[in-house]
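Hydrogens, waters and symmetry mates are skipped; everything else that's a heavy atom, side chains included, is used. Throughout, residue positions are numbered sequentially from 1 according to the sequence presented.
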Amino acid sequence: MTRDPFELVIFDCDGVLVDSERICVRIDAQVFAALGCHFTEEEIIATFIGSSGEVFDAAVEARLGRPLEPGWYRAYEHLYQEAFDAELTAVDGIAEVLEALPLPFCLASNGGHDGIRRNLTTTGLHDYFKGRIFSAADVALGKPAPDLFLHAARTLGVDPARCAVVEDSPYGVEAARAAGMRAFGYAGGLTAPHRLTGPGTVVFDDMRDLPGLLAGRAVS
């Protein structure tokens, strides 16, 4: 009998479970304009998708040439939430994958717990992850540091080497590699496939292919 290659699948949230990145890029551009700095759409995708709050703030402050006020983002949170309430959907195929996946799985996101819970509830995915949701707020450093993935594995009692991470951003893939986990880079969203490639990483663009890839089967 062949042993399953993994004991735990760790899913990112934005861009992997919920199709939020396109919405975020649009609202990010509005927020940056209000702050008085400008990023092109390509820069927003490359710099902010999958980033931690620390990375986000540092990039904006560098472009502005001044520090941001503490809590500056609260004035703009409603823009994201209104857009999510009106437009947010689950990533195509993800519900089928979660229903069929024979392995234990959890969620580990750079987002905060409140936002994760709202987005999962809006898209009908929350019950799949109840009790197995991990946020960067739980650790010292978010992605691209490995802390969050290692925290999830440790909490669930799984060796990092037996974990698979499903990510859609270079930050997340980098964190998975740093944690000693196998990365599966989902390129069905905004991030170009070449930005996800690298050692220990499988890149794919159809979420329905994931179960076969996790089982080590080639997908045509």
Taking only Lys NZ, Arg NE, NH1 and NH2, and the carboxylate oxygens of Asp or Glu, determine whether D114 and R117 approach each other closer than 4.0 Å.
yes
Charged N-O contact under 4.0 Å between R26 and E87
yes
When rounded to the nearest 0.5 angstrom, what is the spacing between [atom1] in [X] and [atom2] in [Y]?
{"X": "R195", "Y": "I49", "atom1": "CZ", "atom2": "CD1", "value": "8.5 Å"}
{"X": "C163", "Y": "M181", "atom1": "SG", "atom2": "CE", "value": "4.0 Å"}
{"X": "I116", "Y": "C13", "atom1": "CD1", "atom2": "SG", "value": "6.0 Å"}

Check: Y128/E99 side-chain N/O donor and acceptor closer than 3.5 Å
yes
Strictly by modelled atom types, are S20 and D14 linked by a side-chain donor-acceptor pair under 3.5 Å?
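Yes.
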With R132 as the cation and F134 as the aromatic partner, state whether NZ or CZ is under 6.0 Å from the six-membered ring centre and within 45° of the axis.
no
Is the Lys NZ or Arg CZ of R118 less than 6.0 Å from the centre of F84's six-membered ring, within 45° of the axis?
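That pair does not qualify as a cation-pi contact.
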Aromatic plane relationship, F129 with F105 - under 30° parallel, 30 to 60° tilted, over 60° perpendicular
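Rings of F105 and F129: perpendicular, over 60°.
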Pair R208-E96, salt bridge (charged side-chain N to carboxylate O under 4.0 Å, His left out): steps then yes or no:
CA-CA 7 Å; R208 294 176 182 85; E96 298 169 46; 3.2 Å; yes
State whether the number of non-hydrogen atoms from other residues, nucleotides or ligands found under 6.0 Å of E77 atom CD is greater than 12.
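Yes, CD of E77 has more than 12 neighbouring heavy atoms, counting only those of other groups under 6.0 Å.
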If you group Ile, Leu, Val, Met, Phe, Trp and Tyr by side-chain heavy-atom gaps below 4.5 Å, do V18 and Y186 land in one group?
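Yes; tracing contacts between hydrophobic side chains, which count when under 4.5 Å, links both residues.
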Could you tell me if the side chain of Y73 sits less than 4.5 Å from the side chain of F56, heavy atoms only?
no
